[in-house]
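My structure is below; once you've seen it, I'll send some questions.
Residue numbers start from 1 in every chain, and the chains themselves are labelled A, B, ... in the order their sequence lines are given, proteins ahead of strands.
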Amino acid sequence: MKRQLKKINRSKAIYAQRLLSRRVSTSSPFKEREIKYVAGLDVSYAGNVGVAALVIMKYPSLKLHSIKVLSDIVSIPYIPTFLAYREIPLYVKLCFSFRSRRDIVFLVDGHGLTHPRKLGIASHLGVVLDLITIGVAKKFLYGTYIGKEYIAVDGVPVAKVISSSPDDRKIFISIGNNISLQNAIKIAEKCIVRKSLLPEPIRIADDVSRRVARKIRR
DNA sequence: GCGACAG
DNA sequence: ATCTTGTCGC
(Lines give C-alpha, C1' and ligand atoms only; values in the text may rest on other atoms or scores of the structure.)
Protein backbone atom coordinates (compact mmCIF):
# COMPACT_ATOMS: atom_id res chain seq x y z
CA MET A 1 0.00 0.00 0.00
CA LYS A 2 1.56 3.22 -1.15
CA ARG A 3 -0.96 5.37 0.69
CA GLN A 4 -1.87 4.18 4.13
CA LEU A 5 -3.63 7.41 4.92
CA LYS A 6 -7.12 7.31 3.48
CA LYS A 7 -8.38 10.31 1.57
CA ILE A 8 -11.57 11.82 2.87
CA ASN A 9 -14.46 12.84 0.67
CA ARG A 10 -14.52 16.57 1.34
CA SER A 11 -18.07 17.32 0.25
CA LYS A 12 -19.52 14.36 2.15
CA ALA A 13 -17.47 15.23 5.21
CA ILE A 14 -18.81 18.79 5.09
CA TYR A 15 -22.37 17.56 4.60
CA ALA A 16 -22.10 15.27 7.62
CA GLN A 17 -20.73 18.10 9.76
CA ARG A 18 -23.61 20.38 8.84
CA LEU A 19 -26.09 17.61 9.54
CA LEU A 20 -24.59 16.73 12.93
CA SER A 21 -24.21 20.36 13.97
CA ARG A 22 -28.00 20.69 13.95
CA ARG A 23 -28.05 18.28 16.87
CA VAL A 24 -25.77 20.36 19.07
CA SER A 25 -27.51 21.72 22.16
CA THR A 26 -26.34 24.95 23.74
CA SER A 27 -28.40 24.64 26.89
CA SER A 28 -27.35 22.81 30.05
CA PRO A 29 -29.50 19.78 30.96
CA PHE A 30 -28.09 19.84 34.50
CA LYS A 31 -27.50 21.89 37.62
CA GLU A 32 -23.87 22.54 38.49
CA ARG A 33 -24.20 20.64 41.77
CA GLU A 34 -25.11 17.53 39.77
CA ILE A 35 -21.72 17.48 38.06
CA LYS A 36 -19.53 15.02 39.96
CA TYR A 37 -16.59 14.70 37.56
CA VAL A 38 -14.64 16.58 34.92
CA ALA A 39 -12.73 14.63 32.26
CA GLY A 40 -9.91 15.58 29.92
CA LEU A 41 -9.31 14.07 26.46
CA ASP A 42 -6.19 14.39 24.32
CA VAL A 43 -4.27 12.49 21.64
CA SER A 44 -0.51 12.29 20.99
CA TYR A 45 1.26 10.45 18.18
CA ALA A 46 4.08 8.01 17.60
CA GLY A 47 4.21 7.91 13.83
CA ASN A 48 0.89 6.54 12.61
CA VAL A 49 -0.09 5.34 16.08
CA GLY A 50 -2.41 7.61 18.01
CA VAL A 51 -2.34 7.47 21.81
CA ALA A 52 -5.50 8.79 23.44
CA ALA A 53 -5.82 9.54 27.14
CA LEU A 54 -8.94 10.03 29.25
CA VAL A 55 -8.31 11.60 32.65
CA ILE A 56 -11.20 11.79 35.09
CA MET A 57 -11.11 13.99 38.21
CA LYS A 58 -13.69 14.59 40.90
CA TYR A 59 -15.47 17.91 40.64
CA PRO A 60 -14.97 20.44 42.06
CA SER A 61 -12.16 19.03 44.23
CA LEU A 62 -10.10 18.04 41.17
CA LYS A 63 -8.90 14.95 43.01
CA LEU A 64 -7.67 12.40 40.49
CA HIS A 65 -10.24 9.65 39.96
CA SER A 66 -8.93 7.55 37.05
CA ILE A 67 -6.79 7.46 33.92
CA LYS A 68 -7.49 5.39 30.84
CA VAL A 69 -5.15 5.16 27.85
CA LEU A 70 -5.77 3.55 24.49
CA SER A 71 -3.70 3.42 21.30
CA ASP A 72 -4.48 2.43 17.75
CA ILE A 73 -3.33 3.05 14.19
CA VAL A 74 -4.74 6.29 12.82
CA SER A 75 -5.54 6.22 9.10
CA ILE A 76 -7.08 9.63 8.45
CA PRO A 77 -4.74 12.59 7.81
CA TYR A 78 -4.96 15.83 9.70
CA ILE A 79 -6.79 18.46 7.65
CA PRO A 80 -7.81 21.76 9.26
CA THR A 81 -11.55 21.77 10.13
CA PHE A 82 -11.71 17.98 9.74
CA LEU A 83 -9.74 17.02 12.84
CA ALA A 84 -12.61 14.98 14.24
CA TYR A 85 -12.52 12.43 11.43
CA ARG A 86 -8.94 11.66 12.46
CA GLU A 87 -9.28 11.52 16.24
CA ILE A 88 -12.87 10.64 17.03
CA PRO A 89 -12.51 6.86 16.54
CA LEU A 90 -10.08 6.81 19.48
CA TYR A 91 -12.31 8.99 21.65
CA VAL A 92 -15.40 6.91 20.92
CA LYS A 93 -13.62 3.73 21.98
CA LEU A 94 -12.41 5.47 25.12
CA CYS A 95 -15.75 7.06 26.05
CA PHE A 96 -18.44 4.75 24.70
CA SER A 97 -19.36 3.46 28.16
CA PHE A 98 -20.14 7.04 29.27
CA ARG A 99 -22.72 7.86 26.57
CA SER A 100 -25.58 10.01 27.81
CA ARG A 101 -23.93 10.48 31.22
CA ARG A 102 -25.10 13.68 32.85
CA ASP A 103 -22.74 13.88 35.83
CA ILE A 104 -19.48 14.24 33.87
CA VAL A 105 -18.29 17.19 31.80
CA PHE A 106 -15.75 16.29 29.10
CA LEU A 107 -13.06 18.82 28.18
CA VAL A 108 -11.83 18.03 24.69
CA ASP A 109 -8.54 19.24 23.18
CA GLY A 110 -9.76 21.34 20.23
CA HIS A 111 -12.69 23.61 19.35
CA GLY A 112 -16.41 23.17 19.78
CA LEU A 113 -18.77 25.61 18.03
CA THR A 114 -15.93 27.91 16.97
CA HIS A 115 -15.73 26.04 13.69
CA PRO A 116 -16.71 26.95 10.08
CA ARG A 117 -19.62 24.49 10.17
CA LYS A 118 -20.19 24.69 13.90
CA LEU A 119 -18.92 21.18 14.58
CA GLY A 120 -15.42 21.22 15.99
CA ILE A 121 -14.23 17.96 17.56
CA ALA A 122 -15.69 18.76 20.98
CA SER A 123 -19.16 19.27 19.54
CA HIS A 124 -18.78 16.29 17.20
CA LEU A 125 -17.91 13.92 20.04
CA GLY A 126 -20.64 15.42 22.20
CA VAL A 127 -23.31 14.75 19.58
CA VAL A 128 -22.11 11.26 18.70
CA LEU A 129 -22.06 10.00 22.30
CA ASP A 130 -24.58 12.46 23.74
CA LEU A 131 -22.07 13.82 26.23
CA ILE A 132 -21.67 17.19 27.94
CA THR A 133 -18.56 18.61 26.24
CA ILE A 134 -16.43 21.75 26.21
CA GLY A 135 -13.80 22.63 23.62
CA VAL A 136 -10.37 23.69 24.90
CA ALA A 137 -8.08 24.94 22.11
CA LYS A 138 -4.66 26.56 22.13
CA LYS A 139 -5.11 28.44 18.83
CA PHE A 140 -7.83 30.46 17.15
CA LEU A 141 -9.72 28.70 14.37
CA TYR A 142 -12.93 30.48 13.42
CA GLY A 143 -15.38 33.17 14.47
CA THR A 144 -15.69 36.90 15.06
CA TYR A 145 -14.19 38.61 18.08
CA ILE A 146 -16.63 40.49 20.28
CA GLY A 147 -14.33 42.79 22.15
CA LYS A 148 -11.15 41.17 23.40
CA GLU A 149 -12.43 38.05 25.13
CA TYR A 150 -15.45 36.60 23.40
CA ILE A 151 -15.94 34.98 20.01
CA ALA A 152 -19.23 34.72 18.14
CA VAL A 153 -20.34 32.49 15.30
CA ASP A 154 -23.44 33.47 13.33
CA GLY A 155 -23.74 36.44 15.66
CA VAL A 156 -23.98 34.30 18.78
CA PRO A 157 -21.24 34.26 21.46
CA VAL A 158 -19.95 30.68 21.70
CA ALA A 159 -16.47 31.01 23.18
CA LYS A 160 -14.29 32.89 25.61
CA VAL A 161 -10.61 33.69 25.19
CA ILE A 162 -8.50 33.36 28.31
CA SER A 163 -5.14 35.09 28.28
CA SER A 164 -2.16 34.81 30.57
CA SER A 165 -1.02 38.16 31.90
CA PRO A 166 2.73 38.22 31.10
CA ASP A 167 3.07 36.60 27.69
CA ASP A 168 0.64 36.26 24.80
CA ARG A 169 -0.48 32.70 25.35
CA LYS A 170 -4.21 32.16 25.07
CA ILE A 171 -6.71 29.35 25.27
CA PHE A 172 -10.14 29.24 23.69
CA ILE A 173 -12.99 27.80 25.74
CA SER A 174 -15.97 26.99 23.54
CA ILE A 175 -19.35 25.32 23.79
CA GLY A 176 -19.10 21.66 22.86
CA ASN A 177 -22.52 20.10 23.40
CA ASN A 178 -25.25 20.03 26.03
CA ILE A 179 -23.93 23.12 27.79
CA SER A 180 -24.35 26.89 27.77
CA LEU A 181 -21.41 29.24 27.28
CA GLN A 182 -21.82 30.53 30.83
CA ASN A 183 -21.61 27.05 32.34
CA ALA A 184 -18.76 26.04 30.06
CA ILE A 185 -16.73 29.03 31.19
CA LYS A 186 -17.58 28.50 34.84
CA ILE A 187 -16.60 24.84 34.88
CA ALA A 188 -13.51 25.24 32.71
CA GLU A 189 -12.21 28.09 34.84
CA LYS A 190 -12.67 26.09 38.03
CA CYS A 191 -10.31 23.53 36.49
CA ILE A 192 -7.55 26.04 35.86
CA VAL A 193 -5.01 25.92 38.66
CA ARG A 194 -2.18 28.28 39.44
CA LYS A 195 -0.14 29.46 36.47
CA SER A 196 -1.15 26.65 34.14
CA LEU A 197 -3.43 28.12 31.50
CA LEU A 198 -4.79 24.67 30.65
CA PRO A 199 -7.63 23.13 32.69
CA GLU A 200 -6.17 20.31 34.82
CA PRO A 201 -7.94 17.34 33.19
CA ILE A 202 -6.65 18.40 29.77
CA ARG A 203 -3.17 19.16 31.07
CA ILE A 204 -2.86 15.71 32.66
CA ALA A 205 -4.31 13.95 29.61
CA ASP A 206 -1.84 15.85 27.45
CA ASP A 207 1.05 14.79 29.67
CA VAL A 208 0.00 11.14 29.92
CA SER A 209 -0.68 10.62 26.22
CA ARG A 210 2.56 12.35 25.29
CA ARG A 211 4.78 10.25 27.54
CA VAL A 212 3.12 7.00 26.45
CA ALA A 213 3.62 8.00 22.80
CA ARG A 214 7.25 8.78 23.48
CA LYS A 215 7.65 5.40 25.13
CA ILE A 216 6.24 3.66 22.07
CA ARG A 217 8.52 5.67 19.82
CA ARG A 218 11.67 4.54 21.61
C1' DG B 1 -7.05 34.02 -7.40
C1' DC B 2 -5.59 35.02 -2.24
C1' DG B 3 -5.28 34.06 2.49
C1' DA B 4 -6.48 31.13 6.69
C1' DC B 5 -6.08 26.90 8.64
C1' DA B 6 -7.76 23.19 15.97
C1' DG B 7 -4.32 18.79 16.42
C1' DA C 1 0.83 16.92 16.43
C1' DT C 2 6.18 15.99 15.81
C1' DC C 3 11.15 16.93 14.54
C1' DT C 4 15.14 19.26 17.94
C1' DT C 5 20.15 22.50 21.30
C1' DG C 6 20.94 25.66 23.54
C1' DT C 7 19.27 29.28 25.97
C1' DC C 8 16.46 33.15 28.34
C1' DG C 9 13.84 33.80 32.52
C1' DC C 10 11.24 32.99 36.97
Distance check needed: dA1(C) P versus Leu41(A) CG, whole Å only.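 Taking CG of Leu41(A) and P of dA1(C), I get 15 Å after rounding.
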Look at Arg102(A) together with Glu34(A) and state whether they make a salt bridge at an N to O cut-off of under 4.0 Å.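 Salt bridge between Arg102(A) and Glu34(A), a charged N being under 4.0 Å from a carboxylate O: no.
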Enumerate the protein-to-nucleotides 3-7 of chain B contacts in which both atoms are nitrogen or oxygen and the separation is below 3.5 Å.
unit_1, atom_1, unit_2, atom_2, d
dA6(B), OP2, Tyr78(A), OH, 2.8
dA6(B), O4', His111(A), ND1, 3.4
dA6(B), N7, Thr81(A), N, 3.1
dA6(B), N6, Thr81(A), O, 3.3
dA6(B), N6, Leu83(A), N, 3.4
dA6(B), N1, Ile121(A), N, 3.0
dA6(B), N3, His111(A), N, 3.1
dG7(B), OP1, Lys138(A), N, 2.8

What is the distance from CG of Asn48(A) to P of dC3(C), rounded to the nearest Å?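 Between P of dC3(C) and CG of Asn48(A): 13 Å.
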DNA chain B in dot-bracket, Watson-Crick or G-U pairs under 3.5 Å, [ ] crossing, | other strand? .......
Does Arg217(A) have more than 12 heavy atoms from other residues, nucleotides or ligands lying within 6.0 Å of its CZ? yes
Its contact letters, B for base, S for sugar-phosphate only and - for none at protein heavy atoms under 4.0 Å, make nucleotides 5-10 of chain C read ------
Can you check whether His111(A) and Tyr142(A) have ring centres sitting under 6.0 Å from each other? no
Can the positive tip of Arg99(A) be found less than 6.0 Å from the middle of the six-membered ring of Phe96(A), inside 45° of the ring normal?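 Positive - Arg99(A) is close enough to the ring of Phe96(A) and near enough to its axis.
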Should we count OH of Tyr145(A) as having more than 12 external heavy atoms under 6.0 Å? yes
Answer yes or no: is there an ion pair linking Glu200(A) with Lys190(A), defined by an N-O contact shorter than 4.0 Å? no
Determine, for Tyr45(A) and Arg86(A), whether the Lys NZ or Arg CZ falls below 6.0 Å from the six-membered ring centre while staying within 45 degrees of the axis. yes
Among Glu189(A), Glu149(A), Arg169(A), Lys170(A), which residue meets the side-chain contact (heavy atoms from CB on, under 4.5 Å) test with Ile162(A)?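 The residue from Glu189(A), Glu149(A), Arg169(A), Lys170(A) that satisfies side-chain contact (heavy atoms from CB on, under 4.5 Å) with Ile162(A) turns out to be Glu189(A).
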Stacked cation flag Arg101(A) on Phe106(A), 6.0 angstrom / 45 deg: no
Would you say dT2(C) has OP1 or OP2 under 4.0 Å from some side-chain N or O of Arg210(A)? yes
Between Ser100(A) and Asp130(A), is there a side-chain donor-acceptor contact under 3.5 Å, judged purely by atom types and distance?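 There is such a pair (donor and acceptor under 3.5 Å, judged by atom type) between the side chains of Asp130(A) and Ser100(A).
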